[in-house]
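Report on the following structure.
Lettering of chains follows the sequences in order, A, B, ..., and the numbering in each one begins at 1. This structure is a prediction, so every number in the text was calculated from the model and none was measured.
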2 protein chains.
Amino acid sequence: MLKKERQAYIIQQINIHNKVLSSDLCVQLDVSEDTVRRDLQELAEEGKLMKVHGGALAKSFHFTIESKQVYSLPEKKIIAHKAIDLIKDGMLVVISGGTTMRELVNMLPPDLNATFVTTNVPIALELLEHPNAEVIFLGNKLLKSAQMAVGAEVVQRLGQIKADLCLLGTNSIDLHLGITDLEWEIIEVKKAMIACAQKTVSLAISEKLNSSQRLQVCPLDEVDILITELDPSDERLIPYAKRGLSIL
Amino acid sequence: MLKKERQAYIIQQINIHNKVLSSDLCVQLDVSEDTVRRDLQELAEEGKLMKVHGGALAKSFHFTIESKQVYSLPEKKIIAHKAIDLIKDGMLVVISGGTTMRELVNMLPPDLNATFVTTNVPIALELLEHPNAEVIFLGNKLLKSAQMAVGAEVVQRLGQIKADLCLLGTNSIDLHLGITDLEWEIIEVKKAMIACAQKTVSLAISEKLNSSQRLQVCPLDEVDILITELDPSDERLIPYAKRGLSIL
DNA sequence: TAAGTTCCCGCATAATCACGCAAATATTTT
DNA sequence: AAAATATTTGCGTGATTATGCGGGAACTTA
């Protein structure tokens, strides 16, 4: 069996199970543990997976483990700042959750007169502190992990809205699947958010570029603008620009 | 199971429940307590959580506890404690806003399995921290002054609910007008809350007795139970008892 | 205070890893 | 096609890591 084949098999297993054990692989592939380990190491260097003691995990684990609850990372401030310029007086803005978004809300100019629609509780609370923002919370059952309202009711009500802008906190974005996320219920809501807005903006710090989770929120061509903390000319962004996204 | 996998699971649990017990984890993950403890310690060193005797807490939990002590008047604690006894497993509870209510939510026993309906943002956020509570947020336009959703949409959806209990944070209560409040939009919602519940409970600290605002929420006879920090035999409560309210 | 947990420490065991080397295999050159 | 070169693989060795267990200390709770 060829090396490439083996590695393809490993990736496949990772995609299915989100993890592999070296011990399993060396039986399935009929090679020594060393070989498996070397394969994993190589794949890890290519960023295809995450090597750990005893095997490897899908890259998505990285986000669970490294869940930076750090509120104000400088990167997030930069992103927030860029995004704020897109919001004009009188706009109706649909806004998702996440710490970047909270940062953004916090930085909104006090004299801005816009209406915000959200399903995320901390964001709503933050928006309430703004002197002029009108806040609409689409409620329903709340999802604990994301602190947001989810479900058919929310999706339906989003369908009745025609927004100018959709600001999307993005967990993972890559060229293949576009924007992806972890939980089905979140996907549903985000999809509806995108659908109801004229322009969709994805806010992602650069480390979330070229990573993907299991479930697709939307393909790349449904995203209009991509905002990262990087300079638009950064090479990491070029493939996205080629796909027609505006980069800020 | 891989170590990182375990740790990811722990982080997930922390994100959902804001806390974990070592004893629970070592059953769920099928490892010894030592291993769990070592995992927690490691995660604590990385700043992902906060280790405490018996388990670990989310890092944010600490902050919320500290900020909570600002509004924790002892009277409110007493009231909250009395009210909690009314909430049983499986109940559907409609709950309004206010600091007393926040105190109450904070003190809910972790093993309580109830569903809560609210329109108040900080209450919703607090409820999300509870490990077992199901939270339903009825959303719409948010009223800044009360940090809650108001409007016809909310009233209508409350009309579709049949709740066991309505916990009402009360600004003013007197013998003539019953419960009163300041703003029209709040009144509307509170009325609907009372109407949809089998039992209405008014939570008020004693200084709010015998005071009234401009607008009536409901007359006294629509309130079933009145909870204050006073002893039920206190003379200030006797007139209310005579009007048929249960006093706790 | 006393009982029951939980924690901490060191140790033993087993699994996993890293490294060098030589054999096997693949690729390029002649 | 043969030789030369490069790459890949497996194995042995010793180092590193992960885990469970015992015993005593520290903490919690009644």
Side-chain angles (χ1 to χ4, degrees), chain A residues 1-14 17-59 61-62 64-66, chain B residues 1-14 17-59 61-62 65-66 68-69 72 74 77-78 81 84-85 106-112 131:
Chain A
M1 176 171 279
L2 248 60
K3 191 173 148 191
K4 294 269 175 186
E5 284 180 72
R6 270 200 325 261
Q7 297 196 347
Y9 177 84
I10 293 174
I11 296 289
Q12 191 187 331
Q13 291 298 308
I14 283 274
H17 301 115
N18 280 320
K19 72 159 180 180
V20 287
L21 301 181
S22 318
S23 49
D24 286 354
L25 285 176
C26 76
V27 176
Q28 291 162 25
L29 300 167
D30 191 35
V31 289
S32 74
E33 298 228 21
D34 290 77
T35 304
V36 168
R37 209 171 301 117
R38 275 185 282 240
D39 280 342
L40 292 179
Q41 196 170 336
E42 236 171 86
L43 291 168
E45 278 163 17
E46 292 167 27
K48 309 260 177 65
L49 46 75
M50 182 180 155
K51 183 152 174 24
V52 298
H53 194 95
L57 298 174
K59 241 187 147 188
F61 269 90
H62 181 74
T64 321
I65 297 171
E66 302 298 323
Chain B
M1 176 171 272
L2 293 162
K3 188 178 154 192
K4 286 279 179 188
E5 222 182 332
R6 267 198 329 258
Q7 298 192 345
Y9 178 85
I10 293 174
I11 300 276
Q12 257 181 1
Q13 292 298 309
I14 284 274
H17 300 122
N18 282 312
K19 72 166 183 186
V20 287
L21 298 180
S22 317
S23 49
D24 286 355
L25 285 175
C26 77
V27 176
Q28 289 162 26
L29 299 167
D30 192 33
V31 290
S32 74
E33 298 229 20
D34 289 84
T35 302
V36 168
R37 210 171 300 115
R38 272 185 283 239
D39 279 343
L40 293 179
Q41 194 171 334
E42 231 171 274
L43 292 169
E45 277 165 16
E46 292 167 26
K48 313 270 169 60
L49 47 76
M50 196 182 143
K51 202 176 154 3
V52 295
H53 195 95
L57 300 174
K59 250 187 146 184
F61 202 68
H62 192 62
I65 281 174
E66 281 180 0
K68 254 160 215 162
Q69 281 164 356
S72 67
K77 280 214 166 122
I78 297 169
H81 201 270
I84 280 175
D85 291 341
N106 206 236
M107 290 167 63
L108 286 174
D111 59 329
L112 179 73

Would you give the length of the straight line joining atom [atom1] of [X] to atom [atom2] of [Y], rounded to the nearest 0.5 angstrom?
{"X": "Leu40(B)", "Y": "Ile14(B)", "atom1": "CG", "atom2": "CD1", "answer": "7.5 Å"}
{"X": "Leu57(A)", "Y": "Lys19(A)", "atom1": "CG", "atom2": "NZ", "answer": "8.0 Å"}
{"X": "Leu25(B)", "Y": "Arg37(B)", "atom1": "CG", "atom2": "CZ", "answer": "11.5 Å"}
{"X": "Asp39(A)", "Y": "Lys4(A)", "atom1": "CG", "atom2": "NZ", "answer": "10.5 Å"}
{"X": "Met1(B)", "Y": "Asp30(B)", "atom1": "CE", "atom2": "CG", "answer": "9.0 Å"}
{"X": "Asn18(A)", "Y": "Lys59(A)", "atom1": "CG", "atom2": "NZ", "answer": "14.0 Å"}

Rounded interatomic separation in angstrom, taking [atom1] from [X] and [atom2] from [N]:
{"X": "Arg37(A)", "N": "dT8(D)", "atom1": "CZ", "atom2": "P", "result": "17 Å"}
{"X": "His53(A)", "N": "dT19(D)", "atom1": "NE2", "atom2": "C1'", "result": "10 Å"}
{"X": "Met1(B)", "N": "dT19(D)", "atom1": "CE", "atom2": "C1'", "result": "15 Å"}
{"X": "Glu42(A)", "N": "dT8(D)", "atom1": "CD", "atom2": "P", "result": "7 Å"}
{"X": "Leu40(B)", "N": "dT6(C)", "atom1": "CG", "atom2": "P", "result": "13 Å"}

Glu33(A) backbone acceptor or donor facing Ser22(A) side chain under 3.5 Å: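 No, because the side chain of Ser22(A) does not come within donor-acceptor range (under 3.5 Å) of the backbone of Glu33(A).
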
Any donor-acceptor N/O pair, Glu5(B) side chain to Leu2(B) backbone, under 3.5 Å: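 Here the side-chain-to-backbone pair exists.
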
Any Lys3(B) side-chain N or O less than 4.0 Å from OP1/OP2 of dT16(C):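 No, no such contact exists.
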
Show me the protein contacts with nucleotides 21-26 of chain C, counting only N or O atoms at under 3.5 Å.
none

Residues which pass side-chain contact (heavy atoms from CB on, under 4.5 Å) with Ile78(B), listed by chain and number, not counting sequence neighbours: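 Ile78(B): side-chain contact (heavy atoms from CB on, under 4.5 Å) contacts with Lys82(B), Glu229(B).
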
Any residue meeting side-chain contact (heavy atoms from CB on, under 4.5 Å) with Leu43(A), in chain and number order, not counting sequence neighbours: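 Leu43(A) satisfies side-chain contact (heavy atoms from CB on, under 4.5 Å) with Gln7(A), Ile10(A), Ile11(A), Glu46(A), Lys48(A), Leu49(A) only.
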
Sub-4.0 Å heavy-atom contacts from residues 17-25 of chain A onto DNA chain C, ordered by number: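 By residue number: Ser22(A).
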
For DNA chain D, the residues among residues 27-34 of chain B that have a non-hydrogen atom under 4.0 Å from it: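 Heavy-atom cutoff 4.0 Å gives Val31(B), Ser32(B), Asp34(B).
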
Salt bridge present between Arg38(A) and Glu42(A) (N-O < 4.0 angstrom):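 No, no charged N to carboxylate O under 4.0 Å.
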
Ion pair Lys51(A)/Glu45(A), N-O distance below 4.0 Å: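 No, this pair does not count.
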
Axial bend angle, the helix from dT1(C)-dA30(D) to dT30(C)-dA1(D): five-pair end segments, nearest 10°: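 Axis-to-axis angle, ends of the helix: 50°.
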
Side chains of Val52(A) and Lys3(B) in contact at under 4.5 Å (non-hydrogen atoms):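 Result no, sub-4.5 Å side-chain heavy-atom pair not found.
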
Touch class at under 4.0 angstrom, heavy-atom based, for Lys4(A) against every strand present: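 Nothing, no heavy atom under 4.0 Å.
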
Touch class at under 4.0 angstrom, heavy-atom based, for Val52(A) against every strand present: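 Touches sugar-phosphate only.
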
